[in-house]
Protein chains: 2
Amino acid sequence: MKSSEAAKAFSALAHETRLAVFRLLVQQGASGVPAGVFAEKIGIVPSTMSHHLALLERASLVRSWRIQRQIFYAADYEGTRRLLDFLTEDCCHGHPEICGGLHGMLEGCQSG
Amino acid sequence: MKSSEAAKAFSALAHETRLAVFRLLVQQGASGVPAGVFAEKIGIVPSTMSHHLALLERASLVRSWRIQRQIFYAADYEGTRRLLDFLTEDCCHGHPEICGGLHGMLEGCQSG
DNA sequence: TTCATATTTCGGAAATAATCAAATTATCAA
DNA sequence: TTGATAATTTGATTATTTCCGAAATATGAA
């Protein structure tokens with residue numbers, strides 16, 4: 001993962017609304033949530049919400065698919081894992097044994 | 001952890017220079033690095049670097065201490081763990097068994 | 001085709017962040 | 001105290017982000 005990609009991803013999480021959306025999606029699992037549900041739930045106009053979701057998706061933190069007229073969003077666990085691995089890579093100066101369990105988190109999460 | 005705190009922390013990581021600094025500190029472990037080393041290593045003026053380090057520290061991602069005339073910085077593993085736990089809390093809709101190893105990462109890292 | 005629904009794209013004003021130079025603070029040595 | 005070194009704070013300028021409304025796109029129903 002490139003440093004610029006990672007910075008973009010953190011930038012996507014650096015906003016209360018987007019962070020709330022992402023956390024909801026992490027908790028939701030693979031079933032996903034339609035875009036409009038967030039707009040209503042969080043009380044934000046659809047265009048702004050769309051902008052936020054697009055940002056999260058470009059950062060590989062969420063993924064989306066269409067079902068009829070709705071676009072469903074779900075957390076991208078694989079992308080999230082890559083990001084967190086990048087952040088904590090080679091923790092503690094090449095002594096991973098003192099950072100046990102740091103890598104490989106999110107493995108096994110239902111994802112796409 | 002409050003959502004606003006977490007957003008601030010991600011904002012601190014949403015910058016290539018700060019991300020590079022943080023990753024270096026994560027790899028460095030508890031021994032820490034003097035502020036000036038970064039300024040030189042990354043090719044940025046000391047005042048800007050100081051600003052970046054202060055931002056990371058306010059976000060509980062790094063901590064610092066003075067040794068004589070130098071101020072050393074190290075990753076704050078405990079703060080980092082809190083942030084990542086917040087991000088991935090209740091992963092997969094209350095079924096943590098499918099996100100095994102997600103929480104408690106960074107436990108055991110040398111920190112302050 | 002025509003209308004309604006769901007979402008995205010565009011445009012531009014307001015708020016926020018990044019940068020560097022200059023001045024300031026803190027420490028130590030002579 | 002004076003001078004040198006290490007880092008921070010302040011201040012001004014420039015760049016980026018955020019927000020919403022309006023218009024556009026995509027899908028499905030009548």
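Chain A is the first sequence line, chain B the second, and so forth, proteins listed ahead of strands; every chain is numbered from 1.
Among the nucleotides dT8(D), dA6(D), dA29(D), the one closest to the side chain of S50(B) is dT8(D).
Put simply, chain B comes within 4.0 Å of DNA chain C, heavy atom to any atom, from dA18(C) to dC28(C), going 5' to 3'.
Two residues, R66(A) and G36(B), neighbour DNA chain D, and the one matched to the more 5' nucleotide by heavy-atom proximity is G36(B).
Note on F72(A): nothing from the nucleic acid sits closer than 4.0 angstrom, heavy atoms only. Among the atoms of the strands shown, only primed sugar atoms or phosphate atoms (P, OP1, OP2) are found under 4.0 Å from some heavy atom of I44(A). Contacts of Y73(A) with the nucleic acid, taken as non-hydrogen atoms under 4.0 Å apart, involve only primed sugar atoms and P, OP1 or OP2.
With a 4.5 Å cut-off on side-chain heavy atoms, F72(B) and S31(B) do not count as touching. Looking only at side-chain heavy atoms (C-beta outward), L87(B) and V26(A) stay at 4.5 Å or farther from each other.
We find that CD of Q70(A) is positioned 11 Å from P of dG28(D), with the value rounded to whole Å. When the P atom of dT8(D) is taken as reference, atom CH2 of W65(B) falls 13 Å away, rounded to whole Å. Separating the CE atom of M49(A) from the P atom of dC19(D) is a distance of 10 Å, rounded to the nearest angstrom. Here the P atom of nucleotide dA6(D) and the CZ atom of F38(B) are 16 Å apart, to the nearest Å. Summarising the geometry, the separation between CZ on R69(A) and P on dT27(D) is reported as 11 Å, rounded to the nearest angstrom. The distance between atom CD of E40(B) and atom C1' of dA7(D), rounded to the nearest whole Å, is 14 Å.
Atom CD of residue E57(B) and atom OG of residue S64(B) lie 3.5 Å apart, to the nearest 0.5 angstrom. In this structure, Y73(A) OH and F22(A) CZ are separated by 14.5 Å, a value rounded to the nearest 0.5 Å. The CZ atom of F10(A) sits 12.0 Å away from the OG atom of S11(B) when rounded to the nearest 0.5 Å.
Between E5(A) and K2(A) no salt bridge is recorded (no basic side-chain N to carboxylate O distance below 4.0 Å).
Close to dC19(D), at under 4.0 Å from its OP1 or OP2, lies a side-chain N or O of H52(A).
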N/O contacts under 3.5 Å, protein versus nucleotides 10-17 of chain D?
none

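Transitive grouping of hydrophobic side chains (ILVMFWY, heavy atoms separated by less than 4.5 Å) keeps L25(A) and W65(A) in distinct clusters.
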Subject >> From CA spacing to verdict: side chain to side chain contact (heavy atoms under 4.5 Å, CB included), H15(A), L19(A) >> reply: CA-CA 6 Å; H15(A) 187 280; L19(A) 182 57; over 6 Å; no
Donor-acceptor pairs under 3.5 Å, side chain of residues 37-56 of chain B to any protein atom, not counting sequence neighbours: which ones?
{"from": "H52(B)", "atom 1": "ND1", "to": "R18(B)", "atom 2": "NH1", "distance (Å)": "3.1"}

